[in-house]
Amino acid sequence: MTINLAGGGSTPRKVRRARLIPIWALILGAFVLSLIGTSPHYIGSDSYVVGLIGKFLCFAIFALSIDLIWGFTGILSLGQAVYFGIGAYMVALSMKLNYTLENATRYGSNIPDFMEWNGLTEVPAFMAPLLSTPVAVALALAIPTLLAFIFGVITFKRHIYGVYCAVITLAEALILERFIVEYQAYTGGFNGITDYSNLRGAPFLWVIIAVTVVCLIGARALTHSRIGTVLKSIRDNDVRAEFMGYNVANYRIFVFCVSAFMAAGAGAMYAAWVGIVSFLDAGPMFSVEGVIWTAVGGRATLIGPFIGTFLVRGLEFVLSSSAWLSWLSEYWQFFMGALFIAVVLWIPDGIVGTIGNWLRKRGTGTLSQIRDDQDRLAHDRQRDWDPAGGTKPGKDPV
Amino acid sequence: MRKVRRRSFLQGSGAALGGLVLGGGAPFYFARNIAKAQEGDTIKVGILHSLSGTIAIIETSLHNAELLAIEEINAAGGINGKMIEPVIEDPQSLVQVFAEKAKKLILNDKVTAVLGCYTSASRQSVLPVFEEYNGVLLYPTLYEAQECSKNCFYTGAVPNQQLDDFEPWIVANLDRKKCYMIGSNYIYPKETNREWKALLEKSGAENMGEEYAPLGHTEFSTVINNIANSGADYVFSTLVGDSIVAFYKQFKQSGFTAEDVPICTPITTEQETAAMGAENAAGHYTSFNYFQTVDTPENKSFVERYKAKYGANEVTNAVMEAAYFQTYLLAQAIAKSGTEADALIFEGLPGQEFNAPQGPVKIDEKNHHTWLWARIGKAREDGQFDIVWTSKERIRPDPWVDYLYPNKDCDFTNQSVLDRLKKPWSEEKNRSGTMDI
Amino acid sequence: MWQQLFMQCLNGLGVAGILVIAAAGLAIIFGVAGVINMAHGQFIMVGAYTAALVDELGGNMFMSIPIAFVVVALLGLIVERGVIQWIYDRPLETLLATWGVGIILEVTMKFIFGTLGRKVDWPDLLDGSIRIFARPPHFPYYRVFHVVLAIVILAVTFYILYRTRFGLKVRTVRRNRSMASCLGIDTAKIDMLIFMYGSGLAGIAGAVIAPIKAATIDMGFSYSVNSYMVIVLGGVGNLLGIPTGSFLIGEAETLLAFRYNTVIGQLLVFIAIVIAIRVFPRGIFGYQERR
């Protein structure tokens with residue numbers, strides 16, 4: 001990871017050597033995998049719980065992508081679902097087209113039902129490439145990344161960030177949502193895309209788990225690299241970062257694209273796994289939900305988005321069911337609203353961050369303080385090593 | 001320093017683990033409990049209507065109507081002595097959650113049947129689930145038709161039951177032949193308008209324009225401007241939701257009266273006229289199979305009991321009525337054929353009749369839709385409808401009307417269709433009764 | 001044709017009036033306190049239900065305007081004292097907290113008022129329309145009223161901000177908060193009062209928007225998003241930003257909707273706004289922060 005986004009200067013050294021996979025993550029991963037792998041209740045049976053696990057994992061990757069830009073860089077996007085949604089729609093369209101080629105729809109033709117409703121007689125030419133699965137997957141990943149790049153260039157290059165950025169991205173998601181509903185001949189409109197043979201059961205669940213692990217490791221590599229340090233410094237004080245010679249806009253665009261790529265991947269897997277895509281998956285509500293999962297779990301931590309997603313979505317699923325508490329089923333959202341406020345007011349570091357703070361209180365202060373200390377330490381060491389001809393203490397110069 | 005860090009990392013991992021187990025494990029723990037608690041001397045019926053989210057406003061009333069019916073059935077002694085136990089799930093107005101909850105109801109709660117869904121989007125999302133796991137769904141909403149699934153019974157109206165008599169009636173009684181069509185932009189209005197256009201052509205009326213507003217749109221000045229421009233003498237509206245209220249109000253405010261340019265619609269119910277203020281709806285026409293003013297003893301007692309349970313200000317409408325009587329149809333079917341899905345699908349439900357508030361209704365044996373009455377109502381100053389026309393007999397449902405789709409039909413009594421449906425799902429995924437003729 | 005185009009321009013003006021009324025409160029809060037209130041739409045909804053309640057008790061809209069102002073201002077006070085005062089220094093997180101406030105408001109209102117939409121009538125004075133041309137559509141009185149009310153709201157706000165001692169303090173706080181604080185201005189109190197005033201304006205918006213449709217639980221969101229667009233385009237550096245942004249968006253949307261259709265209109269307007277922020281990063285009347 002030696003992409004030099006900073007202007008000028010010699011190639012900086014790697015100052016902090018963090019394990020790519022921390023020990024606790026290995027333990028946790030082994031535990032989760034064994035839990036899933038050995039329990040017949042989860043794998044193999046066609047229970048809805050398996051469906052939920054896969055779906056939550058996709059959502060968690062989506063939350064992780066938000067964490068990258070919000071937790072680590074300080075860009076709050078309320079339109080991240082745009083990238084998730086486009087990825088999902090590409091894959092869903094591809095699968096639907098292929099499915100209808102082989103199986104006639106309920107209406108007895110070989111084009112998707114929503115196209116037939118709207119008077120199309122054949123698949124439009126610009127959709128033909130989607131018939132090939134690799135092309136569809138490539139497009140599902142490329143289009144959102146490109147879109148994020150364009151959006152990033154427009155906004156970040158003009159120093160638009162913070163609340164303005166949040167509001168514009170929110171509007172972006174709203175517009176995409178309306179666009180999808182309006183152009184129903186190509187997108188399924190309000191009804192979304194459904195009734196195609198989605199990938200279910202164990203094999204694809206393992207794919208999702210594998211991608212999750214890759215995303216986690218990738219995110220860890222990124223945030224623990226030099227770029228990650230710069231991103232954090234941009235989050236904490238972008239003006240100083242700029243004065244130090246870093247091209248803040250480029251860093252922001254870069255991480256925004258990475259995040260969009262990740263969200264698009266999550267969306268693509270989601271469409272393949274769940275088998276239903278609707279305009280809501282690309283809309284502002286879903287975007288904000290992703291931010292909330294991240295906030296609840298703990299931003300600027302990598303495991304936080306996962307915990308937040310599983311906790312919030314799991315609670316939602318349970319609370320919205322009469323089998324739990326019947327009087328609650330109509331008003332459970334009240335508690336979700338209260339949860340958001342409580343998280344912001346009392347546990348701004350999220351669950352993971354707060355537990356971390358609590359465990360470390362006697363040692364060196366809260367998690368955010370430790371983060372700051374470590375970052376400062378890294379900077380100090382970097383300064384010590386930087387003088388020309390200087391050597392890294394005890395080791396050969398790299 | 002280093003020591004501390006390692007220890008804290010371990011502690012942190014423990015905490016993280018705890019969090020994950022709590023977060024991830026909680027739903028599964030409850031899911032198991034739910035699964036355990038399913039034995040008993042009751043008949044479980046799933047109720048799948050959104051109680052939160054954007055569609056909750058309408059679906060809550062369907063939910064209420066179904067609960068009312070279940071309460072009444074239980075008060076009358078249940079089904080052959082067994083009580084109905086409603087299993088309520090809130091799909092949060094999200095289509096994928098509909099599918100998940102449907103799966104949970106069928107596989108986990110092992111319900112006999114599910115009463116649920118309101119939008120076509122939600123029905124389409126749960127149908128594959130019901131077909132694969134052989135569940136039974138009763139769907140109360142009027143919808144665009146062109147569907148028939150082995151596992152779904154449609155108790156709402158299909159377009160032919162609302163439109164076929166409406167258009168000729170407008171020509172004959174209102175003497176209007178210049179129609180402007182305005183609808184919300186999704187499948188139901190588009191399909192309804194396709195049928196309406198065919199009807200216009202049949203009776204020699206003119207189509208002066210067709211326009212679709214985004215769902216939830218409430219700013220209709222442009223549309224009203226266009227209507228005025230087109231010279232139409234009546235408006236056929238298939239707007240849904242909030243748009244209805246906004247459109248009627250703004251239509252009146254812009255100087256159009258119901259005498260000059262009436263709005264004719266198959267959607268607007270008592271619920272919307274109450275929300276817009278009755279004077280804005282007065283004089284406009286709605287074609288539906290049920291109005292709160294229907295003069296049958298069954299309806300009087302239905303309205304009375306509904307108001308007693310949910311408040312005197314509540315109004316009843318056609319979709320709620322369908323939700324109400326489909327619960328009774330299901331109970332009768334279970335009494336007839338037992339709780340096995342295939343028994344219900346092939347013996348219990350088809351041909352089942354019930355004296356509903358709107359009059360006697362019957363599920364069609366061939367296409368799983370319901371024979372309903374047709375009525376035309378003229379909105380009054382108090383928000384209710386004067387029924388100006390009622391069909392002589394209940395109307396046969398036709399998911400593929402002959403004048404648009406002469407080659408298609410649906411027939412679950414046909415032997416070749418039955419042979420196909422008897423195959424397991426893994427071999428034959430087509431669960432619809434559609435056939436070309 | 002020309003008649004229709006003329007009517008369309010007038011309609012655009014009416015839409016712009018609604019936008020000003022809906023966005024004014026949000027813009028003032030954002031401009032002074034730097035907080036975007038994501039529950040703004042729900043505040044509007046509460047205002048609408050207040051109007052519905054007044055309507056039911058036999059009052060008319062002219063009575064419901066001050067009542068809605070007071071009710072929602074008090075709601076704003078509760079929200080500000082209970083939640084927002086702790087997180088002024090974390091502007092991004094106020095978005096989340098106020099989003100939660102919005103959810104709670106929706107559920108609470110659903111609990112109190114049920115799911116049925118409530119009707120709100122126009123007062124008889126405003127029932128009817130101006131006959132500009134011989135045949136319909138005529139220009140409804142309520143559109144005139146919206147435009148007039150928008151102007152009144154802007155004028156009152158201008159008076160408060162630029163002609164009173166309180167306004168002087170507000171402008172001092174927005175220019176330089178810490179310096180204002182050093183000079184003995186109670187900035188927390190200013191923030192609180194401004195939040196109440198902005199919320200009250202949202203209440204008025206609800207009271208005058210409800211009569212063109214109905215008071216429903218989920219009516220808020222679309223208005224709040226439109227208000228954000230007004231802020232982004234117009235900017236909050238100057239009171240002129242609100243009417244400018246509203247006018248441009250309102251006219252552009254209605255004219256494009258007339259030419260193409262509503263969604264294309266909205267889409268083109270959004271793209272235009274994104275391009276516009278290339279040129280005006282802080283809106284047309286943006287306040288250039290010192291960096």
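In what follows, chains are A, B, ... by sequence order, proteins preceding strands, each numbered from 1.
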side-chain contact (heavy atoms from CB on, under 4.5 Å) assessment of C:Ile104 paired with A:Ile341: CA-CA 10 Å; C:Ile104 290 182; A:Ile341 297 176; 3.9 Å; yes

Part of residues 284-296 of chain A lying next to chain C, heavy-atom separation under 4.5 Å: A:Pro284, A:Met285, A:Val288, A:Val291, A:Ile292, A:Ala295

Inter-chain contacts: residues 169-177 of chain A against chain C, heavy atoms under 4.5 Å: A:Leu170, A:Ala171, A:Glu172, A:Leu174, A:Ile175

Sub-4.5 Å side-chain heavy-atom contact between A:Ile154 and C:Val274: yes

Taking every non-hydrogen atom, the tightest pair across A:Leu345 and C:Val83: CD2-O, 3.7 Å

Nearest atoms (heavy-atom pairs only) where C:Ile103 meets A:Phe340: CD1-CE1, 3.4 Å

Take a 6.0 Å sphere around [atom1] of [X] and say whether it holds more than 12 heavy atoms from other residues, nucleotides or ligands.
X        : atom1 : result
C:Phe247 : CZ    : no
C:Tyr88  : OH    : yes
C:Arg171 : CZ    : yes
C:Arg259 : CZ    : no
C:Phe113 : CZ    : yes

Go through the atoms of [X] and report whether side chain, backbone, both or neither lie under 4.5 Å from a heavy atom of chain A.
X        : result
C:Val35  : neither
C:Ile264 : side chain
C:Val269 : neither
C:Leu96  : both

Criterion side-chain contact (heavy atoms from CB on, under 4.5 Å) on C:Glu93 and A:Arg299, from CA distance to verdict: CA-CA 12 Å; C:Glu93 283 168 42; A:Arg299 63 203 184 96; 2.7 Å; yes

Identify all side-chain donor-acceptor contacts of residues 27-34 of chain C below 3.5 Å with residues at least two apart in sequence or on another chain.
none

When C:Phe270, C:Tyr228, C:Phe221 are compared by non-hydrogen pairs under 4.5 Å with chain A, the top option: C:Phe270

Selection from C:Thr98, C:Leu267, C:Thr94 maximising heavy-atom pairs under 4.5 Å formed with chain A: C:Leu267

Chain C contact via A:Tyr183 - which portion, at a heavy-atom distance below 4.5 Å: side chain

Sequence-distant partners of C:Asp218, salt bridge (Lys or Arg N to Asp or Glu O under 4.0 Å), two or more places apart: none

Candidate pair A:Val344 and C:Ile87, rule side-chain contact (heavy atoms from CB on, under 4.5 Å), full reasoning: CA-CA 8 Å; A:Val344 171; C:Ile87 46 177; 3.8 Å; yes

